[in-house]
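Worth saying up front: this structure is predicted, and the values here are computed from it rather than measured.
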Amino acid sequence: MPPNENSTRIGFATHITAGGMAGAMEALCCQPLDTIKVRMQLSRSGRVPGTKPRGFIATGAMIVRRETPLALYKGLGAVLSGIVPKMAIRFASFETYQSWLADEVTGKTSVGNIFIAGLAAGTTEAVAVVCPMEVVKIRLQAQQHSLADPMEMPRYRNAAHAVYTIVREEGVVTLYRGVGLTALRQATNQGANFTTYQELKKLAHKYQPDLAELPSYQHMVIGLISGAMGPFSNAPVDTIKTRLQKATYEPGTSAFQKVAAIAKDMWKQEGFRSFYKGITPRVLRVAPGQAIVFAVYERVRATIERLNVSPSQGHYTE
């Protein structure tokens, strides 16, 4: 995002290149934290009176001990295969929605409309890419098999096999299980993320007017702060969504019945705190992940512009 809001928007090819590279780097660095988060959200530990749910470090140590360190990267293939289209859709849709909401006279977009554009962009990416990708990722991450034992065959061998098996046995619609909750989570994430990033970057430029571009460490700090906004605002939604996408149900069960059953069971069996299971690894994954994404994206974007691959420029969020 440039300091001047009137600058030309970034090109579609740059969205794909810079966004895809940034997203891939984030996935490679942060996938272990996401795997731990999913296992914590699926865990039923702490149900017995007088016991506590298994914590972040204990969960990670158990995965490494039982399944080898490579198990922390379960589901990485599903994540990487969805990163480029996810980022392309996110950037392109946000720019489109923002242009629609911009003032016709000044061409500027208010903070409120930036938030709305972020909500819409998050919903768009959730429906188009994120929901199917996460159903596959969660199924892979939920498998507790040792990668060191070739005789211990998992149900899903890889992302492609998981898609094939899910579609064959449960139907294509299963890939969109929890799409409403996924859209709600992504919408709030992107609304908060886009708005916070833009406002903090404007503030940084205000106090450093001589800088045409902020240094990478400042992009990382701003991304770290903006990335932490979403997880705290929608943790219960993310936990219910994870359990919904992992489970199987009898045909004919409505989405509302599934969500209500999960929420009721969590409240009754595990208490209020169960809705925030996995919040620590989620924040530790999303916030630093966004720091990486912003820093890499801004650097790649600037490099592309210097090389005249794309003459346009713009801005980004989670």
Side-chain angles (χ1 to χ4, degrees), residues 1-5 7 9-10 14-15 17-34 36-37 56 79 83 86-87 90-91 94-95 98 108-112 114-115 117-119 121-122 125 185-235 238 278-306 313-318:
M1 182 186 72
N4 183 357
E5 291 188 26
S7 60
R9 300 294 184 191
I10 199 167
T14 306
H15 287 312
T17 306
M21 291 178 67
M25 184 63 68
E26 181 221 12
L28 290 170
C29 293
C30 300
Q31 182 65 10
L33 294 170
D34 189 69
I36 294 172
K37 180 213 75 170
F56 166 62
V79 174
I83 281 294
K86 171 184 172 180
M87 293 298 180
R90 176 182 295 173
F91 300 154
F94 176 76
E95 292 293 342
Q98 187 184 39
K108 295 181 178 181
T109 309
S110 67
V111 175
I114 288 174
F115 182 74
L119 291 176
E125 70 174 16
R185 186 199 65 180
Q186 291 303 113
T188 52
N189 275 348
Q190 303 316 319
N193 206 8
F194 270 108
T195 306
T196 303
Y197 183 76
Q198 284 209 22
E199 291 306 302
L200 289 178
K201 192 170 180 183
K202 287 179 186 176
L203 188 64
H205 277 293
K206 178 180 178 180
Y207 287 100
Q208 303 169 102
D210 296 334
L211 290 179
E213 286 288 340
L214 298 178
S216 293
Y217 80 89
Q218 291 188 22
H219 289 304
M220 293 188 74
V221 172
I222 295 172
L224 187 75
I225 296 171
S226 64
M229 297 295 104
F232 284 112
S233 66
N234 56 31
D238 188 58
I279 186 64
T280 299
R282 187 175 176 218
V283 171
L284 289 176
R285 185 207 185 285
V286 173
Q290 287 312 292
I292 293 170
V293 165
F294 280 122
V296 174
Y297 177 85
E298 295 281 8
R299 181 52 61 94
V300 173
R301 177 187 61 79
T303 301
I304 291 174
E305 289 175 352
R306 283 196 297 270
Q313 54 183 356
H315 51 270
Y316 166 69
T317 183
E318 180 185 343

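Under the rule for a salt bridge (charged side-chain N to carboxylate O under 4.0 Å, His left out), the partners of Arg282 that lie at least two apart in sequence or sit in another chain are Asp238. Take Thr188 and apply the side-chain hydrogen bond (donor to acceptor under 3.5 Å, both in side chains) test, not counting sequence neighbours, and it matches Asn234. Remark: Leu284 pairs with Leu33, Phe56, Thr280 by the side chain to side chain contact (heavy atoms under 4.5 Å, CB included) rule, at least two apart or across chains. For Pro32, the side chain to side chain contact (heavy atoms under 4.5 Å, CB included) criterion is met by Leu72, Tyr73, not counting sequence neighbours. With sequence neighbours left out, Gln31 forms a side-chain hydrogen bond (donor to acceptor under 3.5 Å, both in side chains) with no residue at all. Residues that satisfy the side chain to side chain contact (heavy atoms under 4.5 Å, CB included) test with Leu119, not counting sequence neighbours, are Phe115, Ala187.
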Val293 vs Gln290, side-chain contact (heavy atoms from CB on, under 4.5 Å): CA-CA, chis, key distance, verdict
CA-CA 5 Å; Val293 165; Gln290 287 312 292; 4.2 Å; yes
Run the numbers on Gln198 and Lys201 for side-chain contact (heavy atoms from CB on, under 4.5 Å), then give the verdict.
CA-CA 5 Å; Gln198 284 209 22; Lys201 192 170 180 183; 5.9 Å; no
Begin with the C-alpha distance, continue with both residues' side-chain angles, and end with the deciding distance and a verdict on side-chain contact (heavy atoms from CB on, under 4.5 Å) for Ile222 and Phe294.
CA-CA 8 Å; Ile222 295 172; Phe294 280 122; 5.9 Å; no
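Residues Glu199 and Lys206 are not paired through a salt bridge, judged by the lack of any N-O separation under 4.0 Å between the basic side chain and the carboxylate.
The line from CD of Gln186 to CD of Glu125 is 4.5 Å long, rounded to the nearest 0.5 Å. Distance check: Arg301 CZ to Ile304 CD1 gives 9.5 Å after rounding to the nearest 0.5 Å.
The neighbour count for Met229 CE, taken as heavy atoms of other residues, nucleotides or ligands under 6.0 Å away, is above 12.
Of all non-hydrogen atoms in Glu298 and Glu213, the two that sit nearest each other are OE1-OE1, 4.5 Å. Among all heavy-atom pairs drawn from Ala295 and Ser216, the shortest one is CB-O, 4.1 Å. Here the closest heavy-atom approach between residue Ala291 and residue Met220 is recorded as CB-O, 3.2 Å. Contact between Gly227 and Val286 at its shortest, heavy atoms only, is O-CG1, 3.1 Å. Nearest heavy atoms, Gly230 versus Asn189: CA-OD1, 3.1 Å.
Within the 3.5 Å criterion, the main-chain N or O of Phe94 finds no donor-acceptor partner in the side chain of Gln98. In this structure, the side chain of His219 engages the main chain of Leu214 through a donor-acceptor pair within 3.5 Å.
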